[in-house]
Structure formats: C-alpha cells, structure tokens
There are 2 protein chains.
Amino acid sequence: MRMSEGVEWALHSCLNLSWIETGEAMTAARLAAFYDLPAAYLNKQLQALARAGILASTPGPRGGFRLARPLDRITLMDVVTAIEGAEEAFRCEQILRAGPGGGPHVDYRESCVISQTMRRAELTWRRELAGQTLADIRDTVESRFPGTPDSTRAWFART
Amino acid sequence: MRMSEGVEWALHSCLNLSWIETGEAMTAARLAAFYDLPAAYLNKQLQALARAGILASTPGPRGGFRLARPLDRITLMDVVTAIEGAEEAFRCEQILRAGPGGGPHVDYRESCVISQTMRRAELTWRRELAGQTLADIRDTVESRFPGTPDSTRAWFART
DNA sequence: GTCATTGTACTCGGATAAGCGGTGTCCGAGTACCTGGGG
DNA sequence: CCCCAGGTACTCGGACACCGCTTATCCGAGTACAATGAC
C-alpha cells in the first residue's frame, strides 16, 4: 500500500506557487526544474490538481499554472484526493456474500464489522489530513526557515 | 493507493479460526472454501500471518493453521503490517535535497514539514488500527449476530 | 502611425508506451497416518 | 496381540507466470505574441 509520489510533488509545488505569486503563471517545466523532476510527468500531476479546482491552468505563451484559491482553503486531503482519487485504501470486497449466510442483497460494506472498523480507522486519517491546510504548512515552514520564501523567489527569478 | 485485499481475507479468516477453535489445525483450503476464495493465494496470505507470529502453521496430514495467541492480543495493525509490510503509505522521497538549498547530508524525512505532517496524519490512522483488537471485532459481531459462532462451527463441521 | 493578418513559438492536455508490485498458480519438502508383515 | 517398517496421502512453503496500475514520455490543440504589410 503505497501513496503515489506525485502527492509529494504536488504539495511542494503548491507551496512554491504561493511563494512566487506574482499574478503570473508558472510553467510545469520550471516547477519541475526546481527539484529536478521529470517535467512531463509533473505536468500530469498538476493537471490533476487543475481538474480538482486547486490550480488554474492557462495554455499558450505566458501560460502555466496558478493557485486557484488561497492556501488556507486547500487541505492536504484535497491534494491527496486530487492525485490519488477518492477511493478508500481498504475496500470491502464483501466476501461475506459468498459465505454460508451470505445474501446477495445485503450491503456488507455497511453491515460487516470488519469493514466498519477499518473504514472508521481510515476516516480518522482522512480527517487529520482534512484538518491541515497548506497555509498551516507554509506558516510552519516560514517560522522555522524564514529565508525560504525569498530564496525560492530568487531562484525562480534567476532561472 | 489501495490496500491489498489479502488484509480482508486475513481478518475474516482469523475470526473464523477463533470460532472453530478445537485444538485442531484448519487447512488453508477449507478456510478458502468458506468464502470461495482461491485456496493457494489465501495460503500465501496465511503464510505471511504465520511469519508474523499471528498464526502457527503445521505441515502434513492433520496440519494447517491455528491462532498463535488469543484474539485480544492481535490488533488490526498487526494483521495489516503482516500482509502489507511495515512501510508507510506516504514516503518522503526527499525531493528537497535536489532543490536549491538542498544538502546531501540532511534527513528531510525529519526536517521537511510536509513529510512530518503527512506522517503524523498517517500515525493517527495506525494508532487507531493498533487500538482495536480482533477480540473487539469478535465481541461486536457476536453481540450483533449471536448465531455467527455456531453457524460457522456448523459449516466447518459439515464440510 | 495604426491596424489587420499571418506566422511562430510556447503551453497545457490527453493519448500512448515501459516498469513494477500485487495477484494467481504450481510443484517440491516434510510429516502423520495407514497397511502389512514379523515376533 | 503388539511392534515395526514401508508406503501413501496430505499440508505448508516457496518458486514461478500473469495482470493492472503507477510511472514516464510524446505529440497535437489552442493561444498569445511578434513580424509583416496595407491603409
């Protein structure tokens, strides 16, 4: 059970977008160059964020990606869902249905105690992710590493 | 990000093992027949549980699998770890290292705020899983569906 | 000088291949039981 | 009748194919800008 590494890329790229905010769009290629990532593949992930309404994209020259809304309205859950999809990690295949007392019209995702418990546990995780916004992350970073915004801006201005 | 379906099989099989407890071992084939699962593949999952010390296995005639310890000492986390492995879902690839201010000797799994937050969220999930034992599940099932232990025993006695 | 038109370069966007882990299967090592014969 | 040896059937255990998803790449659609020429 492993989460796509695109999630990490997306989170870092959103933070970078917030630090270089100039009203201008930033291309996927430049965002990729910052961490030496494959540009076309990062582009694919950013597309997913755009489809989810987290980023806004504009094609053509002077085009690229921008944040579609402020960081305090983007939760970690939003980003994870955009990249990974909305499906849960534990999926009850309802094997009880094939068992002795199994009926074809029972929804075992609801009635199976194992399914309930696993989903409840996963829900606490999702709630934790939904409770953290990218603004929280940004604030913590700026508090611990105050030079980050400036140096990031400088890097993108230089290249 | 999807969890192996073997986790579901393993959890249900452990409960069944607790209900048919007779001092005798139960073969993977019979456990698989209960839910109409591929026997050889379920066997593979049970092997993982045995390696993790959750089940005890004995080969040969009259062989099979038994619970290695009581259900109240088997947590959901134990089973998930046995099947899925101990690695975390979110793995910080330390892309900050390749960035402008990145140093080769910094452990970004520890210092990166994104990594910290993602891991903390995942930890709440793991803690939830570790706080639930299979005995809790069994008690809830027996409370809601009192006939389950008997009917399960009966099915295995019949076949 | 101003405007329209054409051409060009650049960006996202989705369609298209490679790699890898989960899924599924198979046969061998080892063990308990059964069978047959001897004491 | 009891004991022992050999054979047999059964189980786990790990090695071996298969498949779908993640990873990675490429080219086309569309747009803004620049260059060019007409007015």
Side-chain angles (χ1 to χ4, degrees), chain A residues 1-10 13 17 23-33 35-68 80 82-91 93 95, chain B residues 1-10 13 17 23-33 35-68 80 82-91 93 95:
Chain A
M1 184 192 45
R2 88 190 265 161
M3 182 174 291
S4 165
E5 58 181 339
V7 172
E8 187 182 2
W9 301 2
S13 294
L17 279 174
E24 303 273 309
M26 176 63 55
T27 71
R30 296 181 70 194
L31 283 170
Y35 294 121
D36 197 26
L37 301 173
Y41 191 33
L42 177 63
N43 187 24
K44 194 185 184 69
Q45 314 291 350
L46 299 180
Q47 282 176 37
L49 294 182
R51 269 193 297 272
I54 297 173
L55 299 184
S57 65
T58 54
R62 311 283 303 162
F65 294 93
R66 282 169 292 108
L67 289 168
V80 170
I83 303 292
E84 290 282 325
E87 289 198 342
E88 305 185 1
F90 179 86
R91 304 175 205 186
E93 296 291 337
I95 64 175
Chain B
M1 183 192 47
R2 88 189 264 159
M3 182 174 292
S4 164
E5 58 181 338
V7 171
E8 187 182 1
W9 302 1
S13 294
L17 280 173
E24 303 275 309
M26 175 63 55
T27 70
R30 296 182 71 195
L31 284 170
Y35 295 119
D36 197 27
L37 301 174
Y41 191 32
L42 176 63
N43 187 23
K44 194 185 184 70
Q45 315 291 352
L46 298 179
Q47 281 176 37
L49 294 181
R51 268 193 297 272
I54 297 172
L55 300 183
S57 66
T58 54
R62 311 284 300 163
F65 294 92
R66 282 168 294 107
L67 289 168
V80 169
I83 303 292
E84 291 283 323
E87 289 198 341
E88 305 185 0
F90 179 86
R91 303 173 205 188
E93 297 291 339
I95 64 175

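Order of the sequence lines sets the chain letters (A, B, ...), proteins ahead of strands, with each chain counted from 1.
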(request) Whole angstrom is fine here: how far is it from CD in B:Q47 over to C1' in C:dT25? (result) 13 Å
(message) Between B:P61 and A:R62, which residue's closest nucleotide on DNA chain D lies nearer the 5′ terminus?
(response) B:P61
(request) Let me know the distance between CH2 of B:W9 and C1' of C:dG22, rounded to the nearest Å. (result) 11 Å
(message) What contact category does A:A29 fall into here, base, sugar-phosphate, or nothing, at under 4.0 angstrom with non-hydrogen atoms?
(response) nothing
(request) Check every atom of C:dA15, C:dG13, C:dG22 against the side chain of A:N43 and return the nucleotide holding the closest atom. (result) C:dG13
(request) Return the 5'-most residue of the pair A:R2, A:G60 with respect to DNA chain C, ranking by each residue's nearest nucleotide. (result) A:G60
(message) Please report the distance, rounded to the nearest Å, between CE in B:M3 and P in C:dG22.
(response) 12 Å
(request) Determine yes or no for a side-chain-to-main-chain donor-acceptor pair under 3.5 angstrom, with B:E24 supplying the side chain and B:R62 the backbone. (result) no
(message) How long is the straight-line distance from OG of A:S13 back to CG of A:L37, given to the nearest 0.5 Å?
(response) 7.0 Å
(message) Please report the interatomic distance CD(A:E8) to CZ(B:R91), rounded to the nearest 0.5 Å.
(response) 12.0 Å
(request) Would you please name every residue forming a side-chain contact (heavy atoms from CB on, under 4.5 Å) with A:A56, sequence neighbours left out? (result) A:R66, A:A68
(request) Could you state the atom-to-atom distance from CD1 of B:I83 to P of C:dG22 in whole Å? (result) 12 Å
(request) Quick one: pull up CE in A:M1 and CZ in B:F90 and give me the separation to the nearest 0.5 Å. (result) 13.5 Å
(message) Going 5' to 3' along DNA chain D, between which two nucleotides do contacts with chain A fall, using a heavy-atom cut-off of 4.0 Å?
(response) D:dT23 to D:dA32
(message) Here's a test of your reading of the structure: between B:Y41 and A:T27, which maps to the more 5' nucleotide of DNA chain C?
(response) A:T27
(message) As an exercise, state the distance from NZ of B:K44 to CG of B:L49, rounded to the nearest 0.5 Å.
(response) 13.0 Å
(request) In whole angstrom, give the distance that lies between atom CG of A:L42 and atom C1' of C:dG14. (result) 16 Å
(message) Test your reading of the model: is there a side-chain donor-acceptor pair from A:Q45 to the backbone of A:G6, 3.5 Å cut-off?
(response) no
(message) Is there a side-chain contact between A:R51 and the phosphate of C:dG14, meaning an N or O under 4.0 Å from OP1 or OP2?
(response) yes
